[in-house]
Amino acid sequence: MTDTPTQLFIGGAWVDAADGATMPVDDPATGEILCHVADAGPKDARLAEDAAVQAQQEWARTAPRARSEILRRAYEIILDRVDELAHLMTSEMGKPLAEARGEVAYAAEFFRWFSEEAVRIDGGGGILPDGRNRMLLSRRPVGPCLLITPWNFPLAMGTRKIGPAIAAGCTMILKPAPQTPLSSLALAAILKEAGLPDGVLNVVTTSRAGEVCEPLLRGGRIRKLSFTGSTQVGRILLAQSADAVVRTSMELGGNAPFIVFDDADLDVAVDGAMLAKMRNMGEACTAANRFFAHSSVADEFGRRLAERMGALVVGPGTRDGVDVGPLIDRTGRAKVEELVADAVERGAEVLVGGRTPEGPGSFYPPTVLAGVDPESRLMDTEIFGPVAPILTFDDEDEVVRRANDTPWGLVGYVFTEGLERALRVSERLEVGMVGLNTGLVSNPAAPFGGVKQSGLGREGGRVGIEEFLEYQYLAVPVR
Ligand code: ADP
């Protein structure tokens with residue numbers, strides 16, 4: 001902790017906010033202040049923008065292999081420091097250390113993946129149909145980017161954006177969530193150590209997100225926004241991006257259906273449910289939000305899930321043997337409490353959990369609700385907590401219709417042993433990703449993203465770098 005930077009990272013230097021402002025970072029397990037970090041205002045944002053704009057041309061000319069090797073070195077440094085980074089992440093975000101270690105490895109993997117992609121950027125070309133013209137296609141970086149990340153995966157959401165931006169030759173300003181700035185600052189220090197030239201990455205921590213980001217988006221010098229966060233904030237940023245026609249990639253909310261058919265292997269379904277619901281204490285946009293179980297298996301599924309959920313150990317993420325850490329803060333917990341109270345008022349049965357513990361921190365117990373009324377608020381709200389509401393269904397058409405009856409479309413989970421049903425239902429779900437007999441879809445080599453109001457564009461996979469590249473087409477007559 002003592003070595004973790006707490007200042008802004010601008011033009012390769014660690015600096016205080018221009019007005020000297022700082023903001024506290026809290027430990028969600030105790031509610032106590034861990035430390036203070038610089039709290040940037042619009043003036044600092046302007047300096048970061050200057051640095052990114054100034055570094056852009058030369059960075060775009062840097063050899064792809066050189067960019068690749070910086071990412072590769074950073075990947076290796078991260079893996080050398082898994083424990084240190086995991087502790088930092090747990091202290092500011094709350095997730096248990098084992099999960100934090102998992103996230104550090106996952107985050108590093110984006111750097112390895114994009115170090116490999118950096119040297120595979122290709123254009124194309126050929127003779128046009130009229131036979132009189134050639135077409136030469138080249139790829140170029142889109143330009144300086146603004147990257148805005150959430151608090152739930154403090155390191156991986158950063159590397160998932162920074163990795164492809166570096167690989168493509170873009171410079172950038174990273175604005176992490178105010179709850180979890182430390183992981184991003186530690187990451188900037190690692191990239192500097194790995195040889196990233198000054199100004200390519202700038203990190204601006206702030207409690208004044210709107211004041212800092214809006215002028216950047218409207219100013220015309222930032223050419224790309226990559227955002228992960230709520231649909232509500234995403235809409236505001238899309239509107240702000242319209243002025244200067246800024247290219248956008250948006251990873252927004254989800255409302256994932258988790259469907260258990262009567263021919264599902266219930267052991268597999270319960271394992272999948274534990275992953276899809278409990279990864280990150282349910283604080284993930286990919287978290288299963290609505291469980292639809294066929295009426296012939298719903299009781300058994302609910303019973304087994306409640307048994308597994310009830311056996312999880314809740315406590316501070318740094319403590320050995322803890323499975324479930326605190327939620328991010330008391331506001332997040334209050335929202336979960338309200339959603340559960342609403343469902344219970346409408347007749348849901350609490351199979352396990354549902355009661356907020358006394359004491360410090362923002363802990364909430366793993367909770368399973370059965371017989372949930374479809375009108376309950378948690379059916380169309382991202383719960384972002386360890387709560388599994390179970391509803392029943394009787395036929396395939398009905399469950400597909402209900403699963404799709406939401407403005408979101410990030411991910412869906414389908415559990416069945418029937419191949420044709422598995423394919424048919426997956427194809428009919430209006431989602432960007434499907435977990436078929438698995439509760440985990442995220443992987444750096446796969447395109448992550450949603451349809452409908454879950455977002456625009458994809459992160460990771462072969463297409464992840466495309467979001468940071470433009471085409472240039474050169475017309476050349478054949479003479
Ligand atoms: P959450 O509810 O998970 O915190 P948000 O969408 O509020 O999700 O936050 C995601 C990220 O967006 C955070 O980094 C946050 O600071 C940032 N953010 C929130 N409001 C704005 C805004 N008006 N302009 C730019 N960034 C914002």
Side-chain angles (χ1 to χ4, degrees), residues 8-11 17-18 40-61 121 138-150 157-158 160-178 184 198-253 449-450 453-459 463-473:
L8 309 176
F9 185 62
I10 297 180
K43 208 165 163 188
D44 305 295
R46 182 66 190 234
L47 293 173
E49 182 186 39
D50 289 345
V53 169
Q54 213 188 333
Q56 179 58 67
Q57 268 201 0
E58 199 179 327
W59 180 236
R61 281 197 301 267
I121 299 169
S138 63
R139 310 306 307 276
R140 36 179 66 196
V142 59
C145 304
L146 173 61
L147 315 177
I148 303 180
T149 52
M157 296 303 97
R160 190 158 85 173
K161 298 183 190 306
I162 295 168
I166 288 180
C170 295
T171 62
M172 68 209 88
I173 303 170
L174 171 68
K175 194 218 78 65
S184 297
D198 294 349
V200 173
L201 168 70
N202 305 277
V203 184
V204 172
T205 53
T206 181
S207 64
R208 296 171 272 174
E211 277 174 63
V212 160
C213 296
E214 188 171 353
L216 295 174
L217 290 173
R218 293 194 196 273
R221 295 202 293 169
I222 292 294
R223 296 309 319 143
K224 162 92 196 170
L225 165 67
S226 178
F227 171 75
T228 299
S230 61
T231 298
Q232 196 186 355
V233 172
R235 277 190 207 104
I236 296 171
L237 297 177
L238 280 169
Q240 291 175 357
S241 300
D243 266 6
V245 195
V246 173
R247 223 173 122 183
T248 59
S249 302
M250 313 297 281
E251 294 293 349
L252 309 176
Q453 295 186 28
S454 284
L456 300 168
R458 293 292 181 270
E459 292 191 301
V463 297
I465 196 168
E466 299 288 330
E467 305 274 328
F468 294 87
L469 292 169
E470 297 279 17
Y471 275 101
Q472 189 179 52
Y473 150 52

Locate the shortest heavy-atom distance separating Q56 from P141; write the atom from each residue and the value.
-> NE2-CG, 4.0 Å

Going by atom types alone, do T231 and Q453 pair a side-chain donor with an acceptor below 3.5 Å?
-> no

Under the salt bridge (charged side-chain N to carboxylate O under 4.0 Å, His left out) criterion, do R139 and E466 qualify, and how do the steps go?
-> CA-CA 9 Å; R139 310 306 307 276; E466 299 288 330; 2.9 Å; yes

Can you name the closest pair of heavy atoms from A165 and W59 and give their distance?
-> O-NE1, 4.5 Å

How far does CE of M250 sit from CZ of R235, to the nearest 0.5 angstrom?
-> 10.0 Å

When rounded to the nearest 0.5 angstrom, what distance separates SG in C145 from CG in L216?
-> 12.0 Å

Check the pair S249, K224 against side-chain hydrogen bond (donor to acceptor under 3.5 Å, both in side chains), reporting the backbone distance first and the verdict last.
-> CA-CA 8 Å; S249 302; K224 162 92 196 170; 2.5 Å; yes

Hey, mind stepping through T149 and R160 against side chain to side chain contact (heavy atoms under 4.5 Å, CB included) and telling me if it holds?
-> CA-CA 10 Å; T149 52; R160 190 158 85 173; over 6 Å; no

Do T228 and K161 have a side chain donor and acceptor closer than 3.5 Å?
-> yes

Would I162 and L201 count as a side chain to side chain contact (heavy atoms under 4.5 Å, CB included) if you check the C-alpha gap in whole Å, the side-chain angles of each, and the deciding distance to 0.1 Å?
-> CA-CA 8 Å; I162 295 168; L201 168 70; 4.2 Å; yes

State the CG-OG distance between L252 and S454, to the nearest 0.5 angstrom.
-> 7.0 Å

Would you list the atom pairs, donor with acceptor, under 3.5 Å between side chains in residues 237-244 and any protein atom, with sequence neighbours excluded?
from	atom 1	to	atom 2	distance (Å)
Q240	NE2	E214	OE1	3.4
S241	OG	L237	O	2.7
D243	OD2	R218	NH1	2.8

Does F468 reach the side chain of S226, with side-chain heavy atoms less than 4.5 Å apart?
-> yes

Okay, side chain of N202, backbone of A51: is any donor-acceptor separation there less than 3.5 Å?
-> no

CD1 (I10) and CG (D44) are apart, to the nearest 0.5 Å, by 5.5 Å

Does R221 CZ have over 12 foreign heavy atoms under 6.0 Å away?
-> yes

Is a side-chain N or O of T206 found less than 3.5 angstrom from the main chain of R208, in a donor-acceptor match?
-> yes

Between CD1 of I236 and SG of C213, what distance do you get to the nearest 0.5 Å?
-> 11.5 Å

Residues in ring-ring contact (aromatic ring centres under 6.0 Å, His included) with F227, at least two apart?
-> none

So D198 and V200, side chain to side chain contact (heavy atoms under 4.5 Å, CB included) or not? Walk me through it.
-> CA-CA 6 Å; D198 294 349; V200 173; over 6 Å; no

In terms of side-chain geometry, is the basic nitrogen of E470 or R247 positioned less than 4.0 Å from the acidic oxygen of its partner?
-> yes

Minimum heavy-atom distance A55-T171, with the two atoms named = C-CG2, 3.7 Å

Working to the nearest 0.5 Å, report the span between CD1 of I465 and CD of E459.
-> 13.0 Å

Would you say Q54's side chain and G199's backbone share a donor-acceptor pair under 3.5 angstrom?
-> no

Heavy-atom nearest pair, G450 first then E251, reads N-OE1, 4.3 Å

Closest approach of V245 and R223, non-hydrogen atoms and distance?
-> O-NH2, 3.0 Å

Show your reasoning for whether side chain to side chain contact (heavy atoms under 4.5 Å, CB included) applies to V142 and C170.
-> CA-CA 7 Å; V142 59; C170 295; 3.7 Å; yes

Indicate yes or no: at least one non-hydrogen side-chain atom of I173 is less than 4.5 angstrom from one of L147.
-> no

Taking every heavy atom of A209 against every heavy atom of K175, the minimum-distance pair comes out as CB-CE, 3.9 Å

